[in-house]
Amino acid sequence: MNEFKLVSDMEPKGSQPEAIKKLVEGLKRGEKLQTLLGTTGSGKTFSMAKIIEKIQRPTLVLAHNKTLAAQLFSEFKEFFPENRVEYFVSYYDYYQPESYIPSKDQYIEKDADVNPKIEQMRLAATASVLSREDAIVVASVSCIYTVGNPTDFMSLGYEFRKEFNVNRSEILERLVDMQYERNDLSLAPGRFRVKGDTIDLIPGYYDNIIRIELFGNEIEKISEIDKITGNIIDDLDYIFVYPAKHFVIREDKRNRAIEAIKQELEETLPKLDMIEAHRLKQRTLYDIEMLEETGFCKGIENYSRHFDGRKPGEKPYCFLDYFPKDFLMFIDESHRTIPQIHGMNHGDHSRKKALIDYGFRLPSAFDNRPLTYDEFFDYMKNVIFVSATPGDYELGISKSIVEQIIRPTGLVDPPVEIRKTKGQIDDLISEINSTIARGDRVLVTTLTKRHAEELSEFLAEKEIKTRYLHAEIDTLERSEIIRHLRLRRFDVLVGINLLREGLDIPEVGFIGILDADKEGFLRDHRSLIQIIGRAARNVNSKVVLYADNITDSIKRALDETIRRRNMQIVFNKKHNITPTTIIKPIKEKIIDVKDVKHIPKKDIPNMIVDLEIEMRKAADELNFEKAIYLRDRINRLKQTIRI
């Protein structure tokens with residue numbers, strides 16, 4: 001068994017040792033639900049890592065958005081370099097769910113842009129959880145949505161062993177059953193190619209090539225080969241290959257499921273009007289034909305109840321079913337994640353009702369759904385809620401509530417000022433200029449998308465390098481934009497609901513909160529505490545709330561901030577600690593940012609000039625692929641200006 005081994009120069013300090021001790025003791029006593037109330041910058045992630053090392057169980061870390069999940073994934077990868085740390089989030093860069101609007105008689109077909117890299121990471125997470133006990137998976141709430149039956153996923157996997165007797169045809173049939181696609185020209189994850197007695201494949205969760213060499217009906221050699229160089233990395237005696245997709249079904253099960261779908265169709269058609277019945281029959285028979293011929297169809301997940309052999313309303317399989325029963329679960333930023341889980345099932349049911357009532361889907365589509373909260377609760381056997389501002393729900397059901405207020409760095413919560421909204425933009429610009437002058441960055445949070453866009457354009461006109469972080473930016477690109485902020489390619493980041501939980505940017509020296517007195521979801525006391533906490537990693541930082549009234553949320557947020565600030569100051573004096581700004585290395589580039597909506601239009605002409613110079617240089621160096629990429633980016637930027 002591979003054990004979890006935490007690799008770090010850090011040792012638990014401040015509130016960490018006591019918090020870790022209490023939570024580990026609680027888990028060993030069998031306490032199912034505990035809460036870690038930890039301030040921003042107190043090292044909650046490090047405490048989580050220490051708990052994992054002490055408990056030694058497969059672990060799921062649940063986050064409420066992809067940006068936070070990506071950050072946690074990166075941190076756990078650093079803490080556990082010798083163990084499996086995986087990432088499981090929705091693989092859609094763009095997703096338009098299938099829906100029907102009866103009032104307009106408008107059917108909206110499902111439209112999605114799948115990110116192949118994230119799909120590969122999801123499969124890698126699945127394979128790691130099934131094959132290793134030292135697996136940590138950082139996931140978004142997409143992990144409670146339907147995926148295939150773990151028993152089928154395991155049973156359809158194929159074992160390749162040296163000197164194993166098997167003929168080539170059998171191997172190819174098994175690969176096709178596992179949804180691997182034959183492509184002799186372009187090899188990619190989830191594909192294989194065949195040349196004589198040599199079979200090359202890239203598992204859906206892998207980067208390198210696995211080469212199977214046969215001599216007659218015997219596997220003579222198994223090699224792992226670098227996809228780029230073609231060099232042999234390792235000679236293997238054995239490898240187990242998992243399916244290329246989560247939804248894979250054995251042939252006998254598929255045949256039974258098809259019969260069940262036909263029977264449901266016959267039972268449903270008499271209940272519908274003529275048009276709806278014709279529509280449903282036409283669509284379902286087409287899907288059945290695709291299943292019979294290829295083993296797959298578009299929207300196959302809508303028939304998951306039949307493939308799984310479940311009864312109507314019975315709990316679907318989800319990623320949590322791939323874990324062993326005693327796995328450890330951290331619910332990070334639980335005050336946001338728990339409400340999100342509560343709402344998932346209801347929203348899904350509302351959308352599907354119209355599709356089913358009007359003959360676009362069979363009633364069994366209702367059972368392709370996320371878990372209800374009660375179903376999710378059944379998995380909560382070893383749970384630690386983690387938040388700087390836990391919700392009333394978590395505080396009410398937790399057996400233990402452990403505080404982690406004191407920061408090891410000695411950093412105190414930033415001073416917070418309240419200023420009138422009259423002249424707020426001039427005041428904001430003044431603060432931005434002084435912050436930039438001392439080498440720090442700025443976050444500004446607004447209430448509406450339009451306000452954020454207009455403010456970004458206005459600041460750009462004032463020659464302030466600004467970007468706007470909006471919800472339409474892809475997951476990985478969002479992390480890259482934050483990286484650009486840390487590298488000082490721009491100085492001000494404007495956002496709405498994306499500048500709160502989990503943004504770890506030590507360079508932030510000022511945060512401006514506009515419309516702080518507008519009570520609501522974005523300005524409740526928990527949101528304000530979270531936003532203020534983004535400035536708690538820099539010794540020179542401060543926060544300004546622009547408000548004309550002191551709301552109850554502002555008062556509660558300030559009271560809690562002052563309480564935590566005073567606790568830290570007392571601790572610093574007692575231990576002679578001088579606070580210092582956190583020094584955090586900046587990661588290497590993960591991806592190019594293709595999105596241009598976050599760039600103010602004022603800055604685009606200068607960017608086009610720089611990119612044209614770079615494009616010509618690439619062409620002169622005969623690097624035509626790079627030149628074409630830059631040309632396409634320039635065209636997108638020009639189109640943005642015309643719009």
Side-chain angles (χ1 to χ4, degrees), residues 39-41 407 409-447 451-470 481-516 527-547 554 557-558 561 565 568 578-586 598-600 602-603:
T39 54
T40 301
R407 299 181 177 92
T409 56
L411 282 166
V412 297
D413 281 89
V416 182
E417 298 178 31
I418 300 173
R419 298 179 187 172
K420 296 291 184 184
T421 57
K422 187 175 181 181
Q424 63 180 355
I425 300 302
D426 291 336
D427 184 80
L428 180 66
I429 291 172
S430 174
E431 289 288 354
I432 288 170
N433 288 330
S434 61
T435 303
I436 293 171
R438 65 171 186 265
D440 289 331
R441 316 294 183 274
V442 176
L443 300 181
V444 181
T445 177
T446 68
L447 273 182
H451 190 185
E453 290 172 340
E454 289 175 350
L455 180 61
S456 300
E457 294 291 344
F458 181 78
L459 293 176
E461 288 172 5
K462 297 292 182 183
E463 305 300 325
I464 296 170
K465 290 187 283 186
T466 307
R467 295 292 182 267
Y468 159 45
L469 194 65
H470 60 88
I481 289 168
I482 293 168
R483 178 178 167 275
H484 287 182
L485 175 68
R486 296 194 64 202
L487 288 168
R488 206 169 182 180
R489 294 185 185 173
F490 60 94
D491 298 303
V492 180
L493 186 62
V494 180
I496 308 164
N497 193 26
L498 302 171
L499 304 182
R500 297 185 325 194
E501 296 87 353
L503 269 193
D504 182 3
I505 310 174
E507 294 81 6
V508 169
F510 174 76
I511 295 179
I513 303 174
L514 303 181
D515 300 310
S527 293
L528 292 173
I529 291 171
Q530 288 284 352
I531 299 169
I532 291 166
R534 298 311 105 209
R537 290 174 168 82
N538 189 314
V539 72
N540 298 314
S541 64
K542 72 173 179 180
V543 178
V544 173
L545 277 65
Y546 293 97
I554 290 176
L558 291 182
T561 301
R565 183 180 170 86
Q568 186 76 54
T578 302
T580 54
T581 298
I582 291 173
I583 306 295
K584 183 180 178 184
I586 300 173
H598 67 289
I599 304 170
K602 171 78 167 50
D603 293 347

Discussion item. Looking at every heavy atom in both A516 and A547, which two are closest together, and how far apart are they?
Written reply: CB-CB, 4.2 Å

Worksheet entry | Carboxylate-amine/guanidinium contact E431 K542, below 4.0 Å | yes

Worksheet entry | With L443, the side chain to side chain contact (heavy atoms under 4.5 Å, CB included) member among L485, L469, I513, I531 | L485

Worksheet, complete the sentence: Smallest heavy-atom separation, T435 atom then R441 atom, equals CG2-O, 3.6 Å

Fill in: Ion pair K462/D426, N-O distance below 4.0 Å
no

Practice prompt. Mind listing the closest non-hydrogen atom pair of S456 and V494 along with its distance?
Written response: OG-CB, 3.7 Å

Worksheet entry | Flag, side chain of R486 to backbone of I505, donor-acceptor distance under 3.5 Å | no

Discussion item. Tell me the closest heavy-atom pair linking I496 and L447, and the distance in Å.
Written reply: CG2-O, 3.6 Å

Worksheet item: With L493, which of V442, V444, T466, I481 fulfils side chain to side chain contact (heavy atoms under 4.5 Å, CB included)?
Response: I481

Worksheet item: Mind checking what makes salt bridge (charged side-chain N to carboxylate O under 4.0 Å, His left out) contact with E454, not counting sequence neighbours?
Response: R450

Worksheet entry | Heavy-atom closest pair, residues Y468 and A452 | CE1-CB, 3.6 Å

Practice prompt. Please name the residue in the list T40, V508, T409, T581 that meets the side chain to side chain contact (heavy atoms under 4.5 Å, CB included) test with R537.
Written response: T40

